[in-house]
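Contents: one structure, followed by commentary.
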Amino acid sequence: MSIFSNVQTAPPIEVFALTRAYNADQNPKKVNLGVGAYRTDEGKPWVLPVVRKLEAQLAADETLNHEYLPVLGLDAFSKAAVHMLLGTDCPAVIDNRALGVQSLSGTGALFVGAKFLQKILGYDTYYYSAPTWGNHKLIFDTAGFKQGRAYRYWDPATKNIDFEGMCEDLRNAPENSVIILHACAHNPTGCDPTDAQWKQIAEIMRERKLFPFFDSAYQGFASGDLDKDARTVRYFAKEGFELFCSQSFSKNFGLYNERTGNLTVVMKDAELAAAVLSQLTLVVRATYSNPPAHGARVVAATLTNKDLFAEWQDHIRVMSSRIIQMREALRDRLVKLGTPGTWDHITRQIGMFSFTGLTPQQCEYLGNEHHIYLLRSGRANMAGLNTNNIDYVASAIHDAVTK
Ligand code: PMP
């Protein structure tokens, strides 16, 4: 009898299982609309030219080494990340009330933030949108939160936000609940509240003493404009909220496996920063001790140099506009084919994903019959589409819907 005998097999992580199935599929027509990674029009991953250039420089720089970074990471990086998120004219930045902690990408920032809230502040309830990114619950549960509750978000009937439902659920949340909010390009629905709706959300959260934990995984990637994609977090900060925001540089820098991220903390009083940072230091120390340097060096160099920054902004415009084009291409084809249903939501949605409205059965059918892989929820990565496969995907969706 092994001490491991009673270990139950955990469910597979759907998105990684999909990639495995896609990789094993020998059909030349196969299409991966699962994993959230950018692809060029040739269907290839894209190392951003500015990243390539900096990597060559870093490799040749003999002053660099592989010594440990400080526990809270590279200072130049976390400062630049905070500025990118909040803008340099943000009162919290000017007053030194905004801190950055380098993290293991967005996931690591969420975990470190959640663990701090649970362990140091004693928070025990968090809310996530229904639906949300598949990892939020796992992260907050693993960080020791006792209760995870959903707030209504997606209305399948309108293929839009159930704003009334969302507000009602937030109004009924117990004080001091942590509310996970997607800063922009909501994953998986691609639907963000309007500015007027965010204002109402902020009012409820202030009144009900709810703590905003923003998740910013797509800044610049959604609209092509860094300021536009950060406007909601900036609005909350300006309104005087204390908040956390996880930042991921996976998509906007294409640095997926370099685990490059930041936890931004906005607080009311600069004098509290030292104590907060000291506790975050211990959370990081216990979790992974200190973060990796490579991605942080690339991002810091880009964000702090005018020319490199301009070059990178071009790259994010290339990525975001290609995705917007693919949305239009897919919608147009489905309309032309006369595929039953309405398809305007595909172009109304923003960011990497479209929440297509396809049923789990239709998604499975697409995988089994047409070698097109997407999540059972109907979430499809629009960057997986390109001029070579768009007709094939559209007619396969038509088949799945009409069969
Ligand atoms: N939050 C959301 C909503 C995401 O979509 C992602 C990436 N899929 C992340 C966080 C974090 O990803 P990473 O850990 O690679 O930065």
Side-chain angles (χ1 to χ4, degrees), residues 13-19 32-39 45 51 73 77-78 81 84-85 100-115 126-140 142-143 150 153-154 178-193 212-222 229-230 232-233 244-264 284 287-288 291-292 294-296 298-299 319-320 323 349-355 374-375 377 379-384:
I13 300 166
E14 188 186 5
V15 72
F16 284 92
L18 263 187
T19 298
N32 191 355
L33 304 181
V35 64
Y38 182 78
R39 297 287 176 261
V51 170
F77 165 79
S78 51
M84 173 179 134
L85 178 70
V101 171
Q102 190 191 330
S103 59
L104 295 187
S105 214
T107 302
L110 284 160
F111 184 82
V112 167
K115 191 68 210 169
Y126 70 94
Y127 277 71
Y128 54 90
S129 60
T132 193
W133 178 48
N135 210 6
H136 281 148
K137 280 176 264 183
L138 186 60
I139 291 169
F140 277 71
T142 306
Y153 195 80
W154 172 254
V178 177
I179 314 295
I180 304 170
L181 299 163
H182 297 232
C184 68
H186 183 274
N187 176 4
T189 67
C191 291
D192 292 336
F213 197 145
F214 281 98
D215 180 355
S216 177
Y218 299 95
Q219 190 184 349
F221 202 89
D229 291 348
T232 304
V233 180
F244 279 3
C245 182
S246 60
Q247 287 169 273
S248 167
F249 294 87
S250 295
K251 324 272 156 154
N252 51 16
F253 267 87
L255 283 169
Y256 306 91
N257 69 8
E258 295 298 340
R259 314 311 293 143
T260 310
N262 186 64
L263 174 68
T264 289
V284 172
T287 315
Y288 52 86
H294 181 73
V298 170
V299 171
M319 294 191 283
S320 56
I323 289 172
Q349 294 163 347
I350 186 162
M352 187 164 243
F353 303 110
S354 175
F355 213 45
L374 69 164
L375 299 190
S377 66
R379 187 195 84 169
N381 176 8
M382 293 291 99

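Start at 1 and go down the list; that is how both ligands and their atoms are numbered.
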Could you check [atom] against the protein and tell me its nearest heavy-atom contact, residue, atom and distance included?
atom	value
atom 13 (P) of ligand 1	S105 OG, 3.3 Å
atom 11 (C) of ligand 1	W133 CH2, 3.6 Å
atom 2 (C) of ligand 1	D215 OD2, 3.4 Å

For this session: Would you give the length of the straight line joining atom CD1 of I13 to atom CG of N135, rounded to the nearest 0.5 angstrom?
Result: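 Rounded to the nearest 0.5 Å, the CD1-CG separation comes out at 7.5 Å.
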For ligand 1, is there an N or O atom under 3.5 Å from any N or O atom of [X]?
X	value
N187	yes
F249	no
Y218	yes
S250	yes

For this session: On the 0 to 90° scale, with breaks at 30° and 60°, tag the W133-H136 ring pair as parallel, tilted or perpendicular.
Result: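 Perpendicular: the ring planes of W133 and H136 meet at over 60°.
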For this session: Check the angle between the aromatic planes of H186 and Y153 and answer parallel, tilted or perpendicular using the 30° and 60° thresholds.
Result: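 Judged by the thresholds at 30° and 60°, the geometry between H186 and Y153 is parallel.
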For this session: Give a yes/no on ligand 1: does R259 have at least one heavy atom closer than 4.0 angstrom to it?
Result: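 It does, in that a heavy atom of R259 comes within the 4.0 Å cut-off of ligand 1.
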For this session: May I ask whether K251 places a heavy atom under 4.0 Å from ligand 1?
Result: yes
Problem set entry | Within reach of ligand 1, part of T107 (heavy-atom separation under 4.0 Å) |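 Both of them.
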Exercise. Do Q349 and S354 meet the criterion of a side-chain donor-acceptor pair at a distance under 3.5 Å?
Worked result: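 Q349 vs S354: donor-acceptor pair found between side chains.
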Exercise. Between F249 and F77, is the gap from one ring center to the other below 6.0 Å?
Worked result: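 F249 vs F77: aromatic centres under 6.0 Å.
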Exercise. Within 45° of the six-membered ring axis of F355 and under 6.0 Å from that ring's centre, is NZ or CZ of R379 located there?
Worked result: no
Exercise. Which heavy atom in F353 sits nearest to a heavy atom in M382, and how many Å separate them?
Worked result: C-CG, 4.4 Å
